[in-house]
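Before any comments, here is the structure.
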2 protein chains.
Amino acid sequence: MSARILIAEDDPKQARLIQLYLEREGHSTLVVGDGRSALEQCRARRPDLAILDIMMPRIDGLDVCRTLRAESDMPILLLTARSTEDDVLLGLDVGADDYVTKPYSPRELAARVRALLRRAGVVGAGNREVLTVGDLEMDPGRFEVRVAGRPVALTAKEFGILEVLAADPGRVFTRAQIIDKAFGFDHFVLERTVDAHVMNLRRKIEADVCQPRYVQTVHGRGYRLAEQRPSR
Amino acid sequence: MSARILIAEDDPKQARLIQLYLEREGHSTLVVGDGRSALEQCRARRPDLAILDIMMPRIDGLDVCRTLRAESDMPILLLTARSTEDDVLLGLDVGADDYVTKPYSPRELAARVRALLRRAGVVGAGNREVLTVGDLEMDPGRFEVRVAGRPVALTAKEFGILEVLAADPGRVFTRAQIIDKAFGFDHFVLERTVDAHVMNLRRKIEADVCQPRYVQTVHGRGYRLAEQRPSR
DNA sequence: CGTGACCTTCACGATTTCTTCACCGTTGCT
DNA sequence: AGCAACGGTGAAGAAATCGTGAAGGTCACG
C-alpha cells in the first residue's frame, strides 16, 4: 500500500508537514518548490500521485494540473489556499481528482491521499455514466452490460476495454492506449494481450464474431467501437 | 442522509463536478449524457431525485421533465443555461420542482438538492424509513435487521457495510468505497478486512453462504446487494 | 483483572482471470 | 502474385482474486 508521491508546495514548512505525515504512512515522497519542477519531476519520475499547491512560483498549480492531465491519468490532489468556490471549481474543471482547502488537517489530507491511491487503477472512477451504443448498453456503476436487453457477464478487463472504447464511439484506440486507460498506466503487458481480451469480449457480445458489429478492428491501428447507424 | 440522484448532463466535466459535490454529501449518483438515457434510467432505477440539464442531445431536459412528471412525482431539478425568465417559467410550467441557472455554485446546487430531498421526505425522514430488499429489512434508525421477519444481530461494521450496499441495490461498490462510506473517510484498514466482515455478514443473513442471495461478490470489482427479482 | 465481543490481519487453498505463446489465416504493399 | 506485417484463435501456465478459519489485538464491562 505504499506509493511514490510528489509534493509541490513552495512553503517549506507546509511541505515538511505533509511529507512527515505521508512518510509515516509508509509512502515515499519527493518535494518540489515550484510548478516547473513539479512538471519535470512528474514526467521523469512518474509518481503514483501528485499533490499540488495552487499558488506556486513559476507555474501555478492549476496550470501544472492542466498540463499533466493532458498527458496522463495520474491522480492529482490540489491544495487550494482559499476556500472560495472559484478555486474549487477551477481545480476540478482543470481535471484534479480531489482538492483540500487550507487550512486542512494533515489527517484529512492523508485520508484523501489514501482514498485516491486506492481508486487509482480503478477504471472509470470518474466516468460513471450509462453508455448506450445501438443495442449495447453499459452501466459502469453496476458493472453491467446488456446486448439487446440481454445481460452479458464480462470480466473486469473485458469491461474495462469496452468502457474505454465506448467513451468515444468511432474513435480508434491503439492497443497502447487501451492498456493505459483500461489497465492502469503502470501495467506492463504485451499489446497482444489486448487482442486476447477483445476476442473473448467479442465472443460474448457479438452475434457473428467474424463480422463484429460493435468492437471492430482497424488494421495497423487498433480497435474501435462502431458507431451504430440508426437504421431509421 | 443519503439519496440516489440521477444527473443528466451532456458535458462530462460539469457532470463530474456535480457528482463530486453530491457524493461528498453522501449521496449516490448516476450520470447519463442524454435525455433518452435520463428517461430510461429514471424509469428503471427510480432515483430519489433527478437533475436535468435543459440542453441535451436526443431529448431535451424540458421534454424529459414533462414526460417524467406525467408518470411520477419524483423531485426534479432543472439546470437552465440561460437565465431568461422564459426558461424559468417554462421549467416550472413543465413541472420541475426547482431550477438552477448556470453558472451556478455547486454549493447552491447542493443546498437546493438537500431542500428538495427534505421536502420530498427522503432525507428529512432521517432514514427512519425501513429499507426492504426482498426478504431483507433494515431499519438504520434502530440498528435493526430482519431476514424473513426474523431479527438478526449484526455488529457495527457489518451493519455499516450492509447499509452502504443497500443505499443503492445493484450498484457495485469497491472495497475502497465500502471502507470510505461505512467506516469513515479516515479509517485505515486493509481492503481484505472488508472480505472478513462480508463473510460474517453472509453467515448471518444468507441461507446458503455459497450462493448468496443478498450480498454478492463481483470478481475483480467488489460487492453489491442483489436486486431481488420479484417473482410475480 | 478477567472475560468476551469485535475488529483486523494473516495464511492457505480454490477458483477465476490474465497473459503469453505458437500457429495460421488476412491484409496491405510492391 | 509474393512478401511481410498484422490479427484471430485456442491452449496452458502464471497471476490475481476470493473464501475461509484462526490468531492476535483492542476495548468495554463486570
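Numbers restart at 1 for each chain; the letters A, B, ... are given by sequence-line order, proteins then strands. The shown structure was predicted, so the numbers you read here are calculated from the model rather than taken from an experiment.
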Do any side-chain atoms of residues 203-212 of chain B form donor-acceptor pairs under 3.5 angstrom with protein atoms, and if so which ones, sequence neighbours left out?
{"residue": "B:Lys204", "atom": "NZ", "partner": "B:Ala153", "partner atom": "O", "Å": "3.2"}
{"residue": "B:Lys204", "atom": "NZ", "partner": "B:Glu158", "partner atom": "OE1", "Å": "2.8"}
{"residue": "B:Glu206", "atom": "OE1", "partner": "B:Arg213", "partner atom": "N", "Å": "2.6"}
{"residue": "B:Glu206", "atom": "OE1", "partner": "B:Tyr214", "partner atom": "N", "Å": "3.3"}
{"residue": "B:Glu206", "atom": "OE2", "partner": "B:Arg213", "partner atom": "N", "Å": "3.4"}
{"residue": "B:Glu206", "atom": "OE2", "partner": "B:Tyr214", "partner atom": "N", "Å": "2.8"}
{"residue": "B:Glu206", "atom": "OE2", "partner": "B:Val215", "partner atom": "N", "Å": "2.9"}
{"residue": "B:Asp208", "atom": "OD1", "partner": "B:Cys210", "partner atom": "N", "Å": "2.9"}

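- Residues satisfying the salt bridge (Lys or Arg N to Asp or Glu O under 4.0 Å) test with A:Arg221, not counting sequence neighbours, are none.
- Distance alone, capped at 3.5 Å, is enough to place a donor-acceptor pair between the B:Arg4 side chain and the B:Arg46 backbone.
- Ranked by how close their nearest DNA chain C nucleotide is to the 5' end, B:Glu158 and A:Leu190 are led by B:Glu158.
- The nucleotide range of DNA chain D contacted by chain B, defined by atoms under 4.0 angstrom from heavy atoms of the protein and reported 5' to 3', is D:dT17 to D:dG21.
- Using a 4.0 Å heavy-atom cutoff across all strands shown, A:Thr155 reaches sugar-phosphate atoms only and no base atom.
- A distance-only check finds no donor-acceptor pair linking the side chain of B:Arg171 to the backbone of B:Ser28 [under 3.5 Å].
- Once you apply a 4.0 Å limit to the heavy atoms of chain B, the touched nucleotides of DNA chain C run 5' to 3' over C:dC6 to C:dT17.
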Check against side-chain hydrogen bond (donor to acceptor under 3.5 Å, both in side chains), A:Thr217 and A:Arg202: CA-CA 11 Å; A:Thr217 303; A:Arg202 279 179 178 155; 2.6 Å; yes
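- Distance alone, capped at 3.5 Å, is enough to place a donor-acceptor pair between the B:Asp139 side chain and the B:Arg142 backbone.
- Residues forming a ring-ring contact (aromatic ring centres under 6.0 Å, His included) with B:Phe159 (at least two apart in sequence, or on another chain): B:Phe143.
- Using a 4.5 Å cut-off on side-chain heavy atoms (C-beta onward), A:Leu162 and A:Leu225 make contact.
- Across the interface with DNA chain C, nearest-nucleotide mapping of B:Ala196 and B:Leu154 shows B:Leu154 to be the residue nearer the 5′ end.
- The pair B:Arg45-B:Asp168 does not count as a salt bridge, with every side-chain nitrogen at least 4.0 angstrom from each carboxylate oxygen.
- A salt bridge links A:Arg69 with A:Asp97: the closest approach of a Lys/Arg side-chain nitrogen to an acidic carboxylate oxygen falls below 4.0 angstrom.
- A:Phe159 comes within contact range of no nucleotide atom at all, as no heavy-atom separation falls under 4.0 Å.
- Taken residue by residue, residues 197-218 of chain A places heavy atoms nearer than 4.0 Å to DNA chain C at A:His197.
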